[in-house]
Amino acid sequence: MTAVKPPRDRAPTWPGYEALLDRAATTGQDPGGAELERLRAFGELAAADGTTLRGLVVHHLSRARAAWPAGTAEGDRVLVAVQLAVEALCEGYERAQQLAVRHQESARREFIDDLLYGRGDPVRLAERAERFGLRLSHEHAVAAAEGPTPYTEGDSVSRRVERAVTGRFGERRILLTTKGGRMVCIAPGDQRQVLAYFAKQAHAATGGGRAAVGRPHPGAGGAVHSYEEALQALDLAGRLGLEDPVLHAADLLVYPVLTRDRRAMAELVRTTLGPLLKARGGPEPYLETLTAYFDAGCVTTQAARHLSLSVRALTYRLQRIHQLTGSDPTDPRHRYPLQTAVIGARILGWPGRKVWTKT
């Protein structure tokens, strides 16, 4: 499709316009369907040529005024013809504008897909990025937000968040889109306030959504890396039951480190927590107890309040864990292996699925 040229005030006249007006004045015949479609096509060409809609309408109205008949009856007929002709011209013009917008949006989404999936030639990708105000030689960071239901392009929540972000920071150097049911925001790495504001707006718009912000990275692959970090942070939040509405990948780096050797982590979980499988009622209540206890900084009263238990009941559970596993959660020497095993169990999905020594 030919790109729309910069607007200009001088407007061309549809070649059959005067004949259309003469026929309406003399015979009362309105423009036919084929004639109106030719007017729409002319309106499309005028838009592609850079003519403003105002210039197109004013010019044709002035031509109608010049051809206006003296008689009242003929004038009414010409007025109907003018109305139909101008409507057709405007429809064609708007059709061209809509096609141009759809073409631009298609190119934008294709670029974002290539950027976030690391596809295409890096040099060509950098050239395309310039059109959207991004300089891939600089650092970029990505935030991803998910809510109770998947987001789609153009839905009310996505539009609200986009209006809030662009209304405050403008559209240059910022890209917002939806992908995989999530809202995504790409911004320069030195403008962290943009991503923080995006995350805040996304959370507020859904009344419970969660957002994650990846770290800034340079180069054509920087956005890909940051995007993957944001998705990993969202996944970890779901697995670990993190309740923070906004997560930062930089704050969660310890978790990928802990699970980098999955076989070693699986062995730690099996060895340390495996005996809980023999407990009456299964290991889940004890895992929940350990999680609350460690999250509370090993403060028994706070952990008991979180679990809606008495301090006595919580203490009994901790003693039972000691009896079954041989590790005492209240002993500083045993805490770190136990806490690491509990984190590994949550990430690996134990005991929902078996954790083997070989993975």
Side-chain angles (χ1 to χ4, degrees), residues 108-147 151 158 161-206 209-240 242-260 347:
R108 175 178 170 273
R109 288 197 63 84
E110 182 181 350
F111 164 73
I112 291 175
D113 285 343
D114 291 346
L115 178 66
L116 295 183
Y117 289 135
R119 296 190 302 230
D121 175 57
V123 175
R124 174 61 180 149
L125 193 65
E127 293 174 353
R128 292 161 62 195
E130 292 285 349
R131 294 174 49 194
F132 300 99
L134 301 184
R135 295 183 179 180
L136 297 187
S137 58
H138 297 177
E139 285 189 334
H140 285 84
V142 180
E146 59 185 13
Y151 300 114
S158 300
V161 173
E162 183 172 5
R163 283 197 300 267
V165 174
T166 57
R168 179 164 179 174
F169 299 101
E171 298 183 6
R172 290 291 297 173
R173 305 181 68 196
I174 299 173
L175 282 180
L176 294 103
T177 188
T178 57
K179 180 164 292 299
R182 303 180 185 90
M183 283 187 288
V184 177
C185 180
I186 306 170
D190 60 353
Q191 295 186 20
R192 298 186 182 184
Q193 70 275 17
V194 175
L195 299 180
Y197 188 75
F198 163 80
K200 178 181 177 181
Q201 292 299 316
H203 176 69
T206 58
R210 176 187 287 135
V213 182
R215 293 178 298 161
H217 297 283
V224 182
H225 194 174
S226 184
Y227 176 59
E228 290 174 347
E229 286 182 343
L231 296 187
Q232 289 170 2
L234 290 174
D235 180 63
L236 276 173
R239 290 175 180 269
L240 299 177
L242 303 179
E243 298 178 354
D244 307 62
V246 180
L247 304 162
H248 294 271
D251 299 333
L252 303 175
L253 288 176
V254 66
Y255 297 108
V257 170
L258 289 175
T259 56
R260 187 161 295 164
I347 294 176

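What you see below is based on every heavy atom in this structure, not just the backbone, and it leaves out hydrogens, waters and symmetry mates.
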Please check this pair: side chain of Arg168 against backbone of Tyr197, looking for a donor-acceptor N/O pair closer than 3.5 Å.
no
Got a sec: does the NZ of Lys200 have more than 12 other heavy atoms crowding it under 6.0 Å?
no
Between Ile174, Thr177, Val142, which is the residue that forms a side chain to side chain contact (heavy atoms under 4.5 Å, CB included) with Ile186?
Val142
Nearest heavy-atom neighbours spanning Met183 and Ala202
CE-CB, 3.8 Å
Are the side chain of Ser226 and the backbone N or O of Gly222 linked by a donor-acceptor pair below 3.5 Å?
no
Could you tell me the separation between the CD atom of Gln191 and the CZ atom of Arg173, rounded to the nearest 0.5 Å?
5.0 Å
Taking all heavy atoms of Glu139 and all of Pro216, pick out the closest pair and write down the distance.
OE1-CB, 3.7 Å
Taking the side chain as everything from C-beta on, heavy atoms only, tell me whether Lys179 gets closer than 4.5 Å to Tyr227.
yes
Hey, are the side chains of Leu252 and Leu242 touching, using non-hydrogen atoms and a 4.5 Å cut-off?
yes
Interatomic distance, Glu229 atom CD to His225 atom NE2 [nearest 0.5 angstrom]
4.0 Å
Closest contact, heavy atoms only, Ala212 versus Ala230:
CB-O, 3.3 Å
Any donor-acceptor pair under 3.5 Å from His140 side chain to Ala187 backbone:
no
Closest approach of Val165 and Phe198, non-hydrogen atoms and distance?
CG2-CA, 4.0 Å
Would you name the heavy atoms of Tyr151 and Ser158 that are closest together and state the gap between them?
CB-OG, 3.9 Å
If you take all heavy atoms of Leu115 and Val224, which pair is closest and at what distance?
O-CG2, 2.7 Å
Rounded to the nearest 0.5 Å, how far apart are CG of Leu247 and CG of Asp235?
11.5 Å
